[in-house]
2 protein chains.
Amino acid sequence: MQISSRFSVAVHVLSLLAMYQPTDAPLTSERMAGSVNTNPVVIRRILGQLKKAGLVEVRPAAGGTFLTRQPAIISLLDVYRAVEVVEAGRLFGMSEKPNPACTVGRYIQSALDVTLQRAQTALEQELAGVSLQQVTVDIAAKAAVGAG
Amino acid sequence: MQISSRFSVAVHVLSLLAMYQPTDAPLTSERMAGSVNTNPVVIRRILGQLKKAGLVEVRPAAGGTFLTRQPAIISLLDVYRAVEVVEAGRLFGMSEKPNPACTVGRYIQSALDVTLQRAQTALEQELAGVSLQQVTVDIAAKAAVGAG
DNA sequence: GCTTATTGTAACAATAGCGGTTACAGTAGG
DNA sequence: CCTACTGTAACCGCTATTGTTACAATAAGC
């Protein structure tokens with residue numbers, strides 16, 4: 001099963017915030033939803049998770065939404081963790097209760113655990129190595145090429 | 001969302017097959033289900049996928065089930081792919097149709113794609129680096145310690 | 001050849017998470 | 001005080017998963 005699209009939507013939303021210019025129209029959840037092409041409530045739910053993780057500040061009413069850190073020091077792993085795509089350390093599902101009367105059943109979980117943890121960590125380290133700034137720079141570069 | 005437990009069940013089943021001794025009682029889907037602690041049909045479904053991937057040979061009726069390769073040359077990535085945990089190259093879900101009228105919406109997918117692919121590949125390479133044999137050796141070692 | 005245990009598969013239920021939607025109370029700018 | 005926006009609850013429909021029952025097809029062993 002796929003990892004929830006919440007993660008890519010969150011990166012999208014943060015990119016909008018990072019690239020926001022004061023001359024632009026205010027970035028409401030409705031406008032963000034227009035860019036992602038979804039419902040504003042979906043955006044607000046994700047903003048709530050990003051806020052809880054301390055990545056953004058959201059002021060109710062006409063207060064606006066802001067990043068709390070420079071895009072260069074927000075990693076994609078921060079975002080991944082913020083939207084709680086999976087419970088920490090539990091990317092792989094395991095059958096809950098193998099039969100302890102069988103040697104394989106008794107030890108399979110601990111035998112697999114190290115490998116699955118390493119695999120999960122390898123994935124997360126790739127995300128840790130990319131910043132929000134790198135994403136927005138890439139978007140800007142592609143836009144420049146696309147426009148020229 | 002978690003990766004389906006089919007994968008860990010498949011590794012469990014293959015471990016049973018790899019550690020099978022001719023003096024043991026035959027490894028039917030019912031006995032395997034007893035070790036995993038699930039329903040025999042669940043095992044047969046997974047065996048069907050492993051068979052389709054060429055990892056096992058299953059003979060109907062009282063024919064028995066066998067690995068087609070040495071455990072040393074079956075990687076956990078082979079198993080992962082066999083049970084089709086995710087469509088190839090699509091571990092991360094993306095929102096389908098961001099708004100192309102917005103710069104971010106237009107380029108976010110291609111900007112993210114390289115990173116997400118790398119993250120997925122990093123996970124898969126960890127699985128590729130571990131063989132079924134390593135798993136069964138680990139199980140046997142833990143069993144020896146646990147028994148002694 | 002028969003018997004019998006086993007596989008292969010279809011069908012169905014229950015569960016869970018997700019994305020989407022409506023509705024509405026709370027809140028702060030202006 | 002108005003107004004626009006956020007925060008959140010509640011609900012729907014969809015999909016994937018796991019577990020279960022049922023049964024036809026199959027081949028091993030006598």
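Below, read A as the first sequence line, B as the second, and so on, with proteins coming before strands; counting in each chain starts at 1. Any value given below was found using the heavy atoms of this structure, including those in side chains, with hydrogens, waters and symmetry copies removed.
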* **Under-4.0 Å salt bridge between B/R81 and B/E124** => yes

* **Contact summary for B/M32 and B/L27, nearest pair of heavy atoms** => CE-O, 3.3 Å

* With sugar-phosphate meaning primed atoms plus P, OP1 and OP2, does A/T38 contact a base, only sugar-phosphate, or nothing at under 4.0 Å between heavy atoms? -> sugar-phosphate

* Mind running side-chain hydrogen bond (donor to acceptor under 3.5 Å, both in side chains) on A/S35 and A/H12 for me, showing each step along the way? => CA-CA 9 Å; A/S35 175; A/H12 187 148; 2.7 Å; yes

* Asked: Within less than 4.0 Å of OP1 or OP2 of D/dT6, is there a side-chain N or O belonging to A/K51?
  -> no

* Asked: Of all the nucleotides listed (D/dT6, D/dT18, C/dA23), which has the minimum atom distance to the side chain of A/V41?
  -> C/dA23

* Can you tell me if A/S110 and A/D113 form a side-chain donor-acceptor pair at under 3.5 Å? -> no

* Between D/dT6, D/dT18, D/dT21, which one does the side chain of B/N39 approach most closely? -> D/dT21

* Asked: Within less than 4.0 Å of OP1 or OP2 of C/dG19, is there a side-chain N or O belonging to A/S4?
  -> yes

* Closest listed nucleotide, where the reference is the side chain of A/M1 and the choices are C/dT7, D/dT17, C/dG19 -> D/dT17

* Does any N or O donor sit under 3.5 Å from an N or O acceptor when you compare the side chain of A/R59 with the base of C/dG29? -> no

* Asked: For the side chain of B/R45 and the base of D/dG19, is some donor closer than 3.5 Å to an acceptor across the two?
  -> yes

* Quick one: is B/S29 getting a side-chain N or O under 4.0 Å of the C/dT6 phosphate, OP1 or OP2? -> no

